[in-house]
Every structure is written in C-alpha cells, then in structure tokens.
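Computed from heavy atoms alone, side chains included, the values below leave out hydrogens, waters and symmetry copies.
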Amino acid sequence: MSAQDLTISASRRRQDREPWTVERIIVHALLIVFVLLAIGPVLIVIINSLKTTPAIFGGPFDLPTAKTFSLEGYKRVFTRGNFIVNYRNSLVVTVTTIGLTVVLSTLAAFALVEYRVRLASLLGGLFVLGIMLPIRLGTIPLIQMMLAWRLMDTLAALILVYTAMSIPIAVTLMVTYFRTVPTDLKEAARMDGASELRTFWIVLPLVRPGLAAVAALTMLPVWNDLWFPLILAPSRQNQTVTLGVQQFVGQFMNDYPALLAALTLGAVPLVLLFTLFSRQFISGLSKGYSK
C-alpha cells in the first residue's frame, strides 16, 4: 500500500469517527438527492424497457412482473437495428483514440518539461488554447481535409479528429504529472548512461495515475459524441452507438419497448464506463490541475 493510500485510509477513519452533526446530515441528504436525480431517469428507462407497452403506460414506475416482463423490445432492436456493428465501431474508435492520445500526449508532455527551448512556453500555450477553442468550430475545414485525404465516411476520420481533440487537455494534464517527478531521479539515470528514451521509461511508472486520468478523460466524450459520427461517418457500416441510437429512435418513435431498449443500450455502457473509471476521471479534473 502506497503512502497516498495510507493517507486516504487514515482520513476515512477520522471521518468515520466524527459525530453526525446537523451540517453533515444535510450534506449527505443533498448528495443522496442529487444521486437519485442523476440515476433515477436511467433506472426508469431500463425498467420500462423490460415491460410491454400497456405496462409502460399503466405503471411507468412499477417493476416488471411475470405478466408485464418482456424482451420483445430488445429483440426488435437487434433484428431491425445495427447495434452489433455500432458497438464494434465505437469500441474500435474509442480504444484506438485512447491509445494514440496516451502515447502522443505523454511524449509531448515529457519533452515540454525536460527540454528548455525557446518555443516551449509557446507550445504549452497552444495546447492550453486548444482546450478553450471547441473543435466543432472547424467542422468545415475538417470535412474538406477528410475529402482531400479520401478518409470521408471512415472510422479513421473519427479517430484522427478525436485524437486531435483529446491531445490538448491530455498534454496539459500530463505536464503537471511529469513536473512532480524528482529531477534527481532523471539526472541519476542520465549519469548512468541512460538515453532520453530510457529515462522516459524509467519515470513513466511514476505518472501512471496521470495515464489513467488521460484515458478516462478521453474515453467518455469519444464514446458519447454524436456530432462527428453524424458528419464524418454517417453510413450504416461505420455508425457508432450514439448515432445508431439516434437514428433508431427516429425510426421507431411509436414502438416504446424498442425505443427504450435502444436508449438503454446507448446509455448503460456509458454509465458503466464512468462508474469504473470515475476515480480516474475526478482525479484528472482535480488532482492533476492542482499540482
């Protein structure tokens, strides 16, 4: 167990020993309310996706029973929809984007921290500027670029755009982690004859929390995006989950079990991913920038 884990464990033990004051009760009650407001709609959609149409209208907040339980909505989704291909495309785009973003941003951040060149401050400022400027403002140039490169309506177009969109915040985050690495460790490695690449591999384990945070920060917006799949990869064989759900909903507005099943298939993976990586996501938003 690391020193950080011991500190967190000790802090939790102190909190457990603290008396339940009125302020603490109010804070916990408000947090419970916020959790219910956030999770409640998702649970209602999931519950109703497992019921028949009359049961949905007869008792939208009731749990499925033996009479009302039905998987017909999911059957119609998979027989009439394209969700297996959609999931495959989203998985390919998300995993590839995460890999490219982690590798490129880590190398760039290491270079910005280690090499004191005149353009280092300018380059760092450009990455910060890339965070503030929404990439959707450049949609027309991106379309022209993909047409020129003959990448229109391909997953490669999405991967390139998402990687470019994720790198600024990833580099900014990784710079803060690399700055916490002791200089003596890097100097000792260089004095022992280690090359710059070898020095990079030596310090890389010390910034693993930053790598996990970058992966989490990259994953959620890429999986949940609708704008660029609709513009750059709209064909049926290249649709992502978000785009597939949007088009399925438009076609089956009156088939409520299938509609809710499609919404469930689109929302549940995102909720699960955020639940699994919420610690890294919050760490990336708070811990990294505060260093």
Any side-chain heavy atom of Y162 sitting closer than 4.5 Å to one from T96?
no

Sole residue of L107, L211, T218 in side chain to side chain contact (heavy atoms under 4.5 Å, CB included) with V102
L211

Working for side chain to side chain contact (heavy atoms under 4.5 Å, CB included), residues F78 and L265:
CA-CA 10 Å; F78 283 104; L265 292 173; 3.9 Å; yes

To the nearest 0.5 Å, atom CD1 of I98 lies from atom CH2 of W223 at 10.0 Å

K67 side chain to A55 backbone, donor-acceptor under 3.5 Å
no

d(M191 CE, D184 CG) to nearest 0.5 Å is 10.5 Å

Residue pair N89 / Q237: nearest heavy atoms and the distance that separates them:
ND2-O, 3.0 Å

For a side chain to side chain contact (heavy atoms under 4.5 Å, CB included) check, start with the C-alpha distance between I56 and L260, then their side-chain angles and the critical distance, and finish with the verdict.
CA-CA 10 Å; I56 293 174; L260 295 175; 3.9 Å; yes

On a heavy-atom basis, which atom in P229 and which in D225 lie closest, and how many Å separate them?
CD-OD2, 3.3 Å

Hydrophobic cluster membership, I46 vs I44, 4.5 Å side-chain cutoff
no

Distance check, rounded to the nearest 0.5 Å: L197 atom CG versus I202 atom CD1?
10.0 Å

More than 12 heavy atoms of other residues, nucleotides or ligands under 6.0 Å from CZ of R198: yes or no?
no

Measure the CG-CD distance between L226 and Q247 for me, rounded to the nearest 0.5 Å.
9.0 Å

In this structure, would L155 and V85 fall into the same cluster of hydrophobic residues linked by side-chain contacts under 4.5 Å?
no

Where do L206 and P209 come nearest, in terms of heavy atoms and distance?
O-CD, 4.2 Å

L232 side chain near D153 side chain, heavy-atom distance below 4.5 Å
no

Are side-chain heavy atoms of F127 and V175 found at a separation under 4.5 Å?
no

Is there side-chain contact between Y256 and N48, with at least one heavy-atom pair below 4.5 Å?
no

Where does the angle between the aromatic ring planes of F83 and F248 fall among parallel (under 30°), tilted (30 to 60°) and perpendicular (over 60°)?
perpendicular

With clusters defined by side-chain heavy atoms of hydrophobic residues (ILVMFWY) lying less than 4.5 Å apart, directly or transitively, does I231 cluster with V161?
yes

Just how far is it from atom CE of M219 to atom OG of S166, taken to the nearest 0.5 Å?
11.5 Å

Please say whether more than 12 non-hydrogen atoms of neighbouring residues, nucleotides or ligands are located less than 6.0 Å from CD1 in I140.
no

Looking only at heavy atoms, which two atoms of F178 and A109 are closest? And how far apart?
CD1-CB, 3.8 Å

Tell me, do M132 and L129 make a side-chain contact under 4.5 Å, heavy atoms counted?
yes

Please tell me whether L243 and L220 are part of a single hydrophobic cluster in this structure, the criterion being side-chain heavy atoms less than 4.5 Å apart.
no

Could you check whether atom CD1 of I84 has more than 12 heavy atoms from other residues, nucleotides or ligands sitting under 6.0 Å from it?
no

Taking the side chain as everything from C-beta on, heavy atoms only, tell me whether F61 gets closer than 4.5 Å to I47.
no

More than 12 heavy atoms from other groups under 6.0 Å of CZ on F34
no

Within a strict 4.5 Å, meaning less than it, do heavy atoms of the I135 and F228 side chains meet?
yes

Is there a path of hydrophobic side-chain contacts, each under 4.5 Å between heavy atoms of I, L, V, M, F, W or Y residues, that connects L36 with L43?
no

Could you report the tightest heavy-atom contact between T68 and T65, atom names first, then the distance?
OG1-N, 2.8 Å

Is the side chain of R179 donor-acceptor paired with the backbone N or O of T176 at a distance under 3.5 Å, no angle test?
no

T240 and N86: side chain to side chain contact (heavy atoms under 4.5 Å, CB included), yes or no, with the steps?
CA-CA 5 Å; T240 59; N86 295 157; over 6 Å; no

Using modelled atom types and a 3.5 Å cut-off, is there a donor and acceptor pairing between side-chain atoms of S90 and backbone atoms of V241?
yes

Check the pair E114, F200 against side chain to side chain contact (heavy atoms under 4.5 Å, CB included), reporting the backbone distance first and the verdict last.
CA-CA 10 Å; E114 293 301 311; F200 171 78; over 6 Å; no

Rounding to 0.5 Å, atoms CE (M174) and CG (L112) come to a distance of 12.0 Å

Heavy-atom pair with the smallest gap, counting every atom of P257 and T52:
CG-C, 4.4 Å

Do L91 and Y87 come close enough that some side-chain heavy atom pair is under 4.5 Å?
no

